[in-house]
Visitor: 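Right, I'll just put the structure down here and ask away after.
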Amino acid sequence: MPDPLLPLSRRPALRAYQAHVLRGLLRAVAARPSAPLTVLMPRQSGKNEIAAALVACLLRTNAHEGGTVVVCAPTLDPQARISADRIRAALAATDPLVPAAGHSRSRGDSVAVGRARAVLLSANPQASVAGHTASIALIADEAQDIEEAWFNRQFRPMAASTGAPTVLFGTAWNGRTLLERAVEANRALDAATPHGPRRHQQASWREVAETLPAYGAYVEAERERLGATHPLFLSQYELVPGEVAGRLLTRDLLAALEGGHEPLSTPEPGERYVAGLDFGGEGEGEGEDADATVLTVARADASAGNSGVACRVVAQREWRGAPYARVLDEVRALDRLWRFERVSADATGLGAPLVAQLRPQLGARLEEFVFTAASKSALGYALLAAARTGRLALPSDDGSPEAFRCREELAACEASLASGGRLAWGNDRDHDDYVVSLALCLHAAESAGAPRVAVGRGRS
C-alpha cells in the first residue's frame, strides 16, 4: 500500500518535527492499541495541524472500505469546527494527487473521502453525542480541557465494539487531566517495550525553534515575562505540570515581593502613580473579620525592560465597614493628592454603581474591572509573573496595620489550577481584599504602560 503520509510530508505547511510525530502516530495506529495514544506539544506549535493530517491520512486509506473517524474537541464552535477546516485544508492539498473518486467532500460538521468520513463533535458535557460509532479512530483535540469522566462515559464506548484506536492531542496542565494521565501510562509502556511502536509522541519547544526561530524567540520572551517556573510557562512550553501547591505565592515569592523601599504618604515630584481599588462591605463592623475596602497605590516605573512596567507599592489604605459615601469622598481626595495616571477598580456587582460615582472626577483614567472566573485567573497569573520576575515590590514593613494585613493575606491566599487552564485563587473566608487590590494595582500599572513623551514643534 502506498505511504499515505508521503504527499502530506512534502507540504511546506507540515514541518519536519510535525511529520516525525505523524509518522510515529501512523505506525502506532496501525498496531491498533487498546490504550489511547498520546501527543503532547507546546502551545501554538502546530499540534492541530498534525491531528488534521492524521485524520486526512485515515480517510484516504479507508476511502474504499469506509468507516468513521470521530473527532471531538472541548467545544463545537469554534474548536471542533476549526479542526474540520484544517482537515478540509489537508485533504484539499492532496485532492489533485488522487483519482476523482477519492476527492474529499464536506457536509455540515463532517468531512468524507469515498466511503470514509470524519464526524466533528463537542466534548462539552452539555452536548448530545450519543449514537456515534468510531470504526476507524477516535481523536480528541485539546484533551487536557476535556473532562475525563465524561470522555470515558460518552466517547470511549464509541470505539468499544470496533477496537478502533484512540488518540489524545494536547498540552500539559496540572498532571491530573485526561491527557496527562494517559501520557504517564504511555511513557511507562514505551520504556518497558522500547522496540515497538511508540505510544506517546511529543516535540519540545526547542525542537520547534530549530525549524521556526521566531517561535523560539517568542518562547524565550515569554520565559522572561512570566519567569521560568511560572505554572503557565512550565505547562504550556516545558510540557511539565505547572501545579500550584495550595498557595498562590510560595515562601520564596513572598520574600521576592519585599522591595525594601520606604512607604510614602505623599507623592514625589516627577513620578507616575497608579492605584487598585477593591470594594468591601458597608456597615459590617470594624473588626478584623469585617470585609474591607482597600486602595493600593504604586509608582509605575517604565524601566523594567522587556518584562513590562515595574509596580512599586508605596501606600495602602483600608476602610472596614465605613459608609460608601465616606469611602468615595476619601478616594477622590487621594486622587487629587496622588494624581493617579490610572485606577483599576472592582466593578463587580455592587462595585459597579460605586465605580460610576468616581467616573466624573477620574474620567478615562478609571478602568472598570469586572471579575469573572477568566478575568480573575488572568489577574492571578499576572500577579505570579510579576512576583517571579521582580516587577512587583512591596515597601518595607513600617509596622502599620496595613503592612501586616497585606502580608498576612498574601501568605494565606490559596490557589489551584482549574479546568480550562484557569487559576482559581482567594481565601475561603473572603479575606483577600489586599491581594485583590494589589493585583488590580499591578493591572493598572501594566495598563498605563510607558509614559507618553511630549514632542514639541520646533521653531523655524
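On a predicted model such as this, the values are computed, not experimentally measured, just so you know.
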Visitor: Excluding sequence neighbours, so at least two apart, what forms ring-ring contact (aromatic ring centres under 6.0 Å, His included) with H200?
Guide: none

Visitor: State, with a plain yes or no, whether a side-chain heavy atom of S122 is found less than 4.5 Å away from one of V129.
Guide: no

Visitor: May I ask you to test the W173-P241 pair for a side-chain heavy-atom distance under 4.5 Å?
Guide: no

Visitor: Hey, what do you get for CZ (R223) to OG1 (T389), rounding to the nearest 0.5 Å?
Guide: 13.5 Å

Visitor: If we ignore angles and hydrogens, is there a donor and acceptor under 3.5 Å between the side chains of Q18 and E49?
Guide: yes

Visitor: Determine, stepwise, if the pair R181 / E148 fulfils salt bridge (charged side-chain N to carboxylate O under 4.0 Å, His left out).
Guide: CA-CA 10 Å; R181 291 182 193 276; E148 184 173 11; 3.1 Å; yes

Visitor: Applying the side chain to side chain donor-acceptor pair (under 3.5 Å) test to S437, which of D346, T296, T293 qualifies?
Guide: T296

Visitor: First locate atom CZ of R422, then atom OG1 of T372, and finally report the distance between them rounded to the nearest 0.5 Å.
Guide: 6.5 Å

Visitor: Whether the T38 and N186 side chains hold a donor-acceptor pair (N or O, under 3.5 Å, no angle test) is what I'd like checked.
Guide: yes

Visitor: Can you name the nearest heavy-atom pair linking E368 to A347, along with the distance?
Guide: CB-CB, 3.8 Å

Visitor: Is the shortest distance from a Lys or Arg side-chain nitrogen in E210 or R15 to a carboxylate oxygen in the other one below 4.0 Å?
Guide: no

Visitor: Determine the sole option in C311, S344, S447 for which the side-chain contact (heavy atoms from CB on, under 4.5 Å) test with L442 is passed.
Guide: C311

Visitor: Looking at side-chain heavy atoms only, is the closest gap between W425 and K376 below 4.5 Å?
Guide: yes

Visitor: What closest approach, in Å, do L239 and P42 show between heavy atoms, and which atom pair accounts for it?
Guide: CD2-N, 3.6 Å

Visitor: Search all heavy atoms of L26 against all heavy atoms of C57 and return the closest pair with its distance.
Guide: CD2-CB, 4.1 Å

Visitor: Can we call the ring centroids of H230 and Y381 under 6.0 Å apart?
Guide: yes

Visitor: If I take atom CG from residue L350 and atom OH from residue Y324, how far apart are they, to the nearest 0.5 angstrom?
Guide: 6.0 Å

Visitor: Nearest 0.5 Å, what's the OG-CG distance between S204 and L40?
Guide: 11.0 Å

Visitor: Is the side chain of R60 donor-acceptor paired with the backbone N or O of L91 at a distance under 3.5 Å, no angle test?
Guide: yes

Visitor: Which heavy atom in P74 sits nearest to a heavy atom in Q79, and how many Å separate them?
Guide: CB-OE1, 3.3 Å

Visitor: So, the side chain of E220 versus the backbone of A217: is there a donor-acceptor pair under 3.5 Å, distance only?
Guide: no

Visitor: Could you please spell out the steps behind the side chain to side chain donor-acceptor pair (under 3.5 Å) verdict for N124 and T75?
Guide: CA-CA 6 Å; N124 187 303; T75 62; over 6 Å; no

Visitor: Please round to the nearest 0.5 Å and tell me the distance separating atom OH of Y17 and atom OG1 of T211.
Guide: 6.5 Å

Visitor: Hey, does D433 have a side-chain heavy atom less than 4.5 Å from the side chain of F279?
Guide: no

Visitor: Rounded to the nearest 0.5 Å, how far apart are CZ of F155 and CG of L121?
Guide: 5.5 Å

Visitor: Are E318 and R320 within salt-bridge range, i.e. N to O under 4.0 Å?
Guide: yes

Visitor: Main chain of S110, side chain of R117: is a donor-acceptor contact present, judged purely on distance under 3.5 Å?
Guide: no

Visitor: Please check if the side chain of Q144 supplies one atom and the backbone of L178 the other of a donor-acceptor pair under 3.5 Å.
Guide: no

Visitor: Taking all non-hydrogen atoms of both residues into account, name the closest pair between S45 and Y215 and its distance.
Guide: CB-OH, 4.0 Å

Visitor: Check the pair R187 / Q202 against side chain to side chain donor-acceptor pair (under 3.5 Å), numbers first and verdict last.
Guide: CA-CA 11 Å; R187 283 173 172 160; Q202 74 177 56; 2.7 Å; yes

Visitor: Let's go through F151 and L138 carefully: what are the C-alpha distance in whole Å and the side-chain angles of both, what is the deciding distance for side chain to side chain contact (heavy atoms under 4.5 Å, CB included) to 0.1 Å, and is it a yes or a no?
Guide: CA-CA 11 Å; F151 182 83; L138 171 62; 3.9 Å; yes

Visitor: Under the criterion side chain to side chain contact (heavy atoms under 4.5 Å, CB included), I'd like the reasoning laid out for L384 against L249: C-alpha separation, chi angles, the key distance, then a yes or no.
Guide: CA-CA 7 Å; L384 270 176; L249 299 166; 4.1 Å; yes

Visitor: Decide yes or no on side chain to side chain contact (heavy atoms under 4.5 Å, CB included) for L379 and L383, but give the supporting numbers first.
Guide: CA-CA 6 Å; L379 210 63; L383 185 64; over 6 Å; no

Visitor: Indicate yes or no for a side-chain donor-acceptor contact from R247 to the backbone of A412 under 3.5 Å, with no hydrogens or angles considered.
Guide: yes

Visitor: Assess, by modelled atom type and distance only, whether the side chains of E367 and H443 contain a donor and an acceptor separated by less than 3.5 Å.
Guide: yes

Visitor: Please assess K47 against Q201 for the test side chain to side chain contact (heavy atoms under 4.5 Å, CB included), listing each intermediate value before the final yes or no.
Guide: CA-CA 11 Å; K47 62 181 175 296; Q201 305 287 331; over 6 Å; no

Visitor: Do S83 and L120 make a side-chain contact, defined as non-hydrogen atoms from C-beta onward lying under 4.5 Å apart?
Guide: yes

Visitor: Given L295, which partner from the list L440, L277, V327 fulfils the side-chain contact (heavy atoms from CB on, under 4.5 Å) test?
Guide: L277

Visitor: By side-chain hydrogen bond (donor to acceptor under 3.5 Å, both in side chains), which residues pair with Q236, not counting sequence neighbours?
Guide: none

Visitor: Within the structure provided, determine whether N174 and E180 are in side-chain contact (heavy-atom separation under 4.5 Å).
Guide: yes

Visitor: When V69 is tested against each of L54, L58, I87 for side-chain contact (heavy atoms from CB on, under 4.5 Å), which residue passes?
Guide: L58

Visitor: Nearest heavy-atom pair of P165 and I136: which atoms, and what distance?
Guide: CD-O, 3.3 Å

Visitor: Without swapping roles, check the side chain of S377 against the backbone of L423 for a donor-acceptor pair under 3.5 Å.
Guide: yes

Visitor: Looking at E446 and R391, does any basic side-chain N land under 4.0 Å from a carboxylate oxygen?
Guide: yes

Visitor: Is E222 paired with R225 through a side-chain N to carboxylate O contact shorter than 4.0 Å?
Guide: yes

Visitor: Does the T133 side chain pair with the main chain of M158, one donor and one acceptor, at a distance under 3.5 Å?
Guide: no

Visitor: Of D432, V313, D278, which is the lone residue that meets side-chain contact (heavy atoms from CB on, under 4.5 Å) with L438?
Guide: V313

Visitor: Could you check whether R388 and T229, counting side-chain N and O atoms only, form a donor-acceptor pair closer than 3.5 Å?
Guide: yes

Visitor: Side chains of F169 and I139: closer than 4.5 Å at any heavy-atom pair?
Guide: yes

Visitor: Take the angle between the ring planes of F233 and W205 and call it parallel below 30°, perpendicular above 60°, tilted in between.
Guide: perpendicular

Visitor: Can you name the residues that form a side-chain hydrogen bond (donor to acceptor under 3.5 Å, both in side chains) with T193, not counting sequence neighbours?
Guide: R199

Visitor: Output yes when a side-chain donor or acceptor of S135 lies under 3.5 Å from a complementary backbone atom of T162, and no otherwise.
Guide: no

Visitor: Are V274 and F340 side-chain neighbours, meaning at least one heavy-atom pair lies under 4.5 Å?
Guide: no

